[in-house]
Each structure stands twice: as structure tokens, then as C-alpha cells.
Chemist: 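Here you go, one structure.
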Amino acid sequence: MVAQRVRTRFAPSPTGYLHVGGLRTALYNYLFAKKMKGDFIIRIEDTDQSRKVEDAQQNLIKTLEWAGIIADESPEHGGSFGSYVQSERLHIYREYCDRLLEDKHAYYCFSTSEELEENRQLQLKQGFQPKYNRKWLPEEMGGAMPSSEIRKKMEAGSPYVVRMKVPDYISVWFEDMIRGPVEFDSSTIDDQVLMKSDGFPTYHFASVIDDHLMEFTHIIRGEEWLPSMPKHLLLYEFFGWEPPRFAHLPLLLNPDRSKLSKRQGDVAVEDYIRKGYSCDAIVNFVAMLGWNEGEGTEQEVYALQELIDKFSLERVGKAGAVFNVEKLNWLEKQYIKHRPSADIINTIRPVLAAELAKRETLLSVDVITGDHYLEQVIELMRERVGFEHEFVTFSSYFFFEPESYEEEAVKKRWIPETNDLLREFTAELEVLEPFTAETIESALKAFVAPKGLKAAVLIHPLRILASGVSFGPSLYHMLEVLGREAVLRRITKGIDLISVAE
RNA sequence: GGCCCCAUCGACUAGUGGUUAGGUCAUCACCCUUUCAAGGUGGUAGCACGGGUUCGAAUCCCGUUGGGGUCACCA
């Protein structure tokens, strides 16, 4: 057999936002395809019109692209295997359904949902596993329903579904690329509905047909699909198609080890984007949830291209992984530490603009929105923030006057002489030339030494007056960036306020 | 409940018969230090249990327990 070009897919249903588990599934499909020099495709599974959400499709694709996962073929970009939206392929499913009907691998079923439910309850009460009772299985297929009855219903225009006829007592086997051999007994499988009464196919039917027609070589999906493998395999067999290779990924888990879900934290990728996580960190983090390079590697930080180069399905683990935000936070910090300031400026400028629209600043807007100023703030703060937007929000004193002073810190750092010392030192700052971290530092030390005081008696009050808070970057550098005018203004104002307070 | 999957520190994991069971996050202590971070050093902490196989099991087999998934005209 000639080696085929690898084709993988991510097939979400447009019912809302992109789930982080979905992101990982998409990512692994993408990484595997790219690693194998193949194609990654997005297909939209919208066979349930009732759950369809407006704009979900575009959002899904947009979010994947945000993460750097670009499809080679998709509803948005086209491709030669379209349409990539299942609701636009109804005629195809109809055609293949007819084939199954003709070959006696499927049959019409006119049972109503009430009837089905009644049957289920009855079986439950009798202690049986609930299963479709095959009431409408035709006589010629081994059932009890005469074809005349079926014809009568048809002619009356009664609503129906099409079910697949699962053979009794055969074993279905396949080799999962992650889990190895898995075996099922067909007697535990229900006669799955293939076509719903609204004329739409079910997931199971549509995905098998599309996976074959779109020539996917590998199906990489979540473990929750493992139990429906026999249905899918049987369909391949009915059609005489060779199934692709399958890999079922372990689930992403809540801290309590149940399937990752809302209610126990955020599950939408959009939630994390909104909080300020970068695509670098999210992708890196999610990639490591279930995959690792192995072989004694101690690397934790991987760029997307690096993941592509190193990815392999063999190194995907079998056990579920807890989505641990702590480590994600750490990763985010790693990226912030090393990201070029120009990139950071691009993302924080809008944040700053939004703040500026809300609040007055006494600083020069031209200066504080300029590259030079922002770059200085970034270099002072990059090891102290958890998210990029915190360059603005966490250290707002670089852009706005402090509105209050940390009470505890004032109490701790103020002695009776503090304000007098501050006044005296201010006079020196006024004439200091140039006004740099270096000169401020030596001025302060020279000021304090003859008095037999420690630098700390001024350092802490200065920080509090200049920033409003007791923590932050190097004081001297902070004052330099703020500039003489702002520093003097803040000290003067602060002395007044704090004197009054005492 | 039936079926299926899974099982190394609190979390993510390395480990494929012989290791003082390694790394990262978190946590604790110390160092650095004007604060907060960052960084450095060190520490606490793990092979679910029971049987086999073997000279030797975290590693192989069986069972138990535990966890999870799935049993729709949803995907």
C-alpha cells in the first residue's frame, strides 16, 4: 500500500464556545497532521438544528486561529472535500442510508419517543438493560414486522427514523493507537438511530460517512467516544470501507477528577482569553496535559513549532489529566518574562487607552502612551505581573495618581519625623541633576548617612507616596520613570494627606 | 446497574525487570534584597491493595479496590 498523505480533523458542533478539551483535541489533531506533513481539517457537525448557536462556527474557528491552529480545509477556507458543514450534506447521508436500507443493514422504525420511553421503563422494571425492542425489525431481516405494516405506515406518512441492524453476538475489535486492542460484544450495542425523523443524520452516521468521504487517515478524538466505536466500526463494515486509524485521548478533568465541566471553573477558551492568558501559554499548557516528550526531558516551555516537531501519538498518556490553573499561571509568567516588549506594548496599548478614557491623569498622555515610557514600565514590571493587562492595572501608578495609600504600610513605615525628612529631601530632589535612578539613590544615601539613619526610613515612605502601595519595582528606577515633576507632586500631596490623617 | 477505559508525590509527569523512584507547578525553610516579585539552595511529599511470574518488580500476568466515561431521534 502506498503511504497516504495524513489527514486529520477536528469536528466540533456549533453549540457554543470552544471548550478547552476541544482545544486540546484540535491541537493534537493539528500537531499530528503537521508533524506528518499532512493536512488538518475543520468540519462542522450541525446535525442537531435545535442546539445550533448563531455565530458559533465562526467563533470556534476564530478561537482556534487565535491559538495558532490554522486549518488547511474548513468551511471558512474551503477545500476540495466540501462542504465542510454537515447540514449542507444531507443528500449524501440520504443516499448512503438508502444503500444500507437496500442491503438490509438498516430498517425503518415508526416507534414514537413515548413508546420508546415506555419500553425502557418496562425493561428497567424487569431488571433488564434498556434496549430497543426491535419492534419494527422487518420479517425478512429476522424481525417480526410484516412488510405490509411497514408499507402502510409509509403510505400514511407517519414519521420514522432509520436504525442500523446490529448483528447479534459478534465481537468487534480494533487497535487504538493510544490504548492498544479494545474489544466489544455486539450484543451490548443498541440498534442505533442513523437518520432522525427530521431527515437529519445522527452524529454516528454522518461522521462515519464524512470521515470516509473526506479521506481522513486518523481520527483523534476524546475518550468519551470510545464506547461508540463498535457502532462506527460496524458501519464501515456495512459499507465495505477500510476504517481509518483511531486514537482516543484521555479526558481533561476537574480538580475532583470528573470530566472537565462548567460549574467547577472556566471551560471555555474564550474565558481564559478574557482573563488575559496568551495563546502561547494556553497552547503550551494544554499540550502538556496528556502528552510529553519523554526520554528524560525536563523542558516545560514549548513553542507551537516545537510541539509540531516533537509531537507523537505514542507519547500521549492514557489517564485523564486535571486542568490545573496554577501551572497555567506559572507558564503565563514564563512567557511574559521573555516576550519582546514591542509585542507586549501592542497588547497593552488598548488596555491603557480604555483606562485613559475612564480616568483623568495628571501625567502627559503623550509620554505615558509612548513606546519609550511603556518599554520602561514593562522592563520594571515584567517579573512582577501575572498577565499582560496587569502592566496597566497592577501598576496603575505609572499612569495615574495614587488615589489612596495602603493603610497598613503607612502605619508601619511612618515615624514622627518622616514628613519632615521627606520635606527636606524633596528640596534636594528638586535640584537633582540629572534625575536618574543612580543619582536619586546616591542622593538619598548621602542625605540619610550623616543623620545616622537607615535608607529604609525614606525608601518606604517614598514608595508609598509615589505609588500608593508598599510593593513594586526598584524604588529608584520607579521614580526615574515617573519623572521629577510627578514625584515631587506626589510627595507633596501625600505629606499633606498623611499629616491630616495623623 | 451493563459495557468500556484508567491507576507513580496535592497537580502535570519521567520511568518499559536491577534507579538513593527523576523533573515541573504548588507548598515549606533559607539565601539574595528598600518592598513585591524574579532568581538561587534545600526540604516535605508518590508507585492503591492482594496474589502470582522472576534471582530481582513502579515496570509483566491475574484479581480486588478506587476513579472516570458511556448507555438519546445530543454531539
Side-chain angles (χ1 to χ4, degrees), chain A residues 11-15 45-48 50-51 109 111-113 116-117 120 124 127-132 159-163 176 178-179 182-185 187-190 192-204 206-207 222-230 248 250-251 253 255-259 285 288-301 317-331 333 337 380-386 394-395 409 413 441 444 454-464 467 469-476 478:
Chain A
S13 61
T15 54
E45 312 234 324
D46 59 344
T47 54
D48 184 355
S50 66
R51 295 214 306 161
C109 167
S111 299
T112 63
S113 11
L116 257 19
E117 183 53 31
R120 205 188 329 270
L124 240 30
F128 293 119
Q129 287 303 313
K131 200 174 167 184
Y132 175 59
Y160 63 86
V161 302
V162 176
R163 288 179 181 272
D176 190 277
I178 293 172
R179 288 152 214 287
V182 184
E183 196 177 1
F184 301 86
D185 184 340
S187 65
T188 63
I189 310 163
D190 218 345
Q192 176 66 38
V193 171
L194 265 19
M195 293 296 276
K196 301 183 266 188
S197 53
D198 61 2
F200 278 68
T202 57
Y203 163 83
H204 304 283
S207 80
E223 191 186 353
E224 70 267 29
W225 293 110
L226 203 45
S228 44
M229 267 309 283
H248 289 90
L251 263 16
L253 272 26
D256 71 356
R257 303 204 77 87
S258 58
K259 186 176 170 183
F285 175 64
M288 303 309 288
L289 253 28
W291 173 87
N292 73 85
E293 205 184 329
E295 298 282 339
T297 313
E298 287 172 10
Q299 188 172 343
E300 300 284 338
V301 180
K318 304 183 218 277
V322 173
F323 191 91
N324 179 226
V325 185
E326 301 272 358
K327 189 144 186 183
L328 173 59
N329 290 341
W330 174 80
L331 260 179
K333 283 191 160 196
K337 243 162 53 177
L380 286 183
M381 293 303 295
R382 75 188 320 149
E383 283 175 352
R384 289 164 237 267
V385 297
F394 189 67
S395 48
R413 300 300 187 182
E441 177 167 7
L444 188 143
K454 283 179 150 181
V457 300
L458 270 188
I459 286 173
H460 297 292
L462 280 171
R463 172 186 298 287
I464 293 165
S467 73
V469 291
S470 64
F471 53 89
S474 152
L475 173 75
Y476 308 117
M478 181 173 95

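Lettering of chains follows the sequences in order, A, B, ..., and the numbering in each one begins at 1.
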Chemist: Describe, in one word, how the ring planes of F285(A) and F323(A) are oriented to each other, choosing from parallel (under 30°), tilted (30 to 60°) and perpendicular (over 60°).
Modeler: perpendicular

Chemist: Considering only side-chain heavy atoms of S258(A), which listed nucleotide, G69(B), C73(B), C6(B), is closest?
Modeler: G69(B)

Chemist: Should the side chain of R179(A) and the base of C5(B) be counted as holding a donor-acceptor pair, with the cut-off at 3.5 Å?
Modeler: no

Chemist: I'd like to know if the side chain of R257(A) reaches the main chain of L253(A), judged simply by a donor and an acceptor atom lying under 3.5 Å from each other, with no hydrogens or angles considered.
Modeler: no

Chemist: For V161(A), run the side-chain contact (heavy atoms from CB on, under 4.5 Å) check against S111(A), S197(A), S113(A) and tell me which one passes.
Modeler: S197(A)

Chemist: For nucleotides 31-34 of chain B, print each protein N/O atom paired with a nucleotide N/O atom at under 3.5 Å, atom names and distance only.
Modeler:
{"residue": "U34(B)", "atom": "O2'", "partner": "H460(A)", "partner atom": "ND1", "Å": "3.4"}
{"residue": "U34(B)", "atom": "O2'", "partner": "H460(A)", "partner atom": "NE2", "Å": "2.7"}
{"residue": "U34(B)", "atom": "O2", "partner": "R463(A)", "partner atom": "NH2", "Å": "3.2"}
{"residue": "U34(B)", "atom": "O4", "partner": "S474(A)", "partner atom": "OG", "Å": "3.4"}
{"residue": "U34(B)", "atom": "O4", "partner": "L475(A)", "partner atom": "N", "Å": "3.4"}

Chemist: Counting any heavy atom closer than 4.0 Å, what does R51(A) reach on the DNA or RNA strands: base, sugar-phosphate only, or nothing?
Modeler: base

Chemist: With a non-hydrogen cut-off below 4.0 angstrom, is F323(A) in contact with a base, only sugar-phosphate, or nothing?
Modeler: nothing

Chemist: Would you call E383(A) and K333(A) a salt bridge, using N to O less than 4.0 angstrom?
Modeler: no

Chemist: So which nucleotide does C73(B) pair with, by the Watson-Crick or G-U wobble rule with both distances under 3.5 Å?
Modeler: none

Chemist: Looking at Y132(A), does the NZ or CZ of R163(A) lie under 6.0 angstrom from its six-membered ring centre and within 45 degrees of the ring axis?
Modeler: yes

Chemist: Strictly under 3.5 Å: I want the nitrogen or oxygen pairs between protein and nucleotides 20-24 of chain B, one per line.
Modeler:
{"residue": "U24(B)", "atom": "O4'", "partner": "E300(A)", "partner atom": "OE2", "Å": "2.9"}
{"residue": "U24(B)", "atom": "O2", "partner": "K327(A)", "partner atom": "NZ", "Å": "2.8"}

Chemist: Are any non-hydrogen side-chain atoms of F200(A) and D48(A) less than 4.5 angstrom apart?
Modeler: no

Chemist: Hey, is the side chain of T188(A) pairing donor to acceptor with the base of C3(B) inside 3.5 Å?
Modeler: no

Chemist: How far does the C1' atom of C47(B) sit from the matching atom of U20(B), given to the nearest Å?
Modeler: 15 Å

Chemist: Under 4.0 angstrom, heavy atoms only, what part of the nucleic acid is V182(A) near: base, sugar-phosphate, or nothing?
Modeler: sugar-phosphate

Chemist: Classify Q129(A) by what it touches in the nucleic acid, base, sugar-phosphate, or nothing, heavy-atom distance under 4.0 Å.
Modeler: base

Chemist: Roughly how far apart, to the nearest Å, are A48(B) and C9(B) at atom P?
Modeler: 7 Å

Chemist: How far does the P atom of G15(B) sit from the matching atom of G1(B), given to the nearest Å?
Modeler: 35 Å

Chemist: Could you measure between the two C1' atoms, the one in G52(B) and the one in U13(B), and give it in whole Å?
Modeler: 29 Å

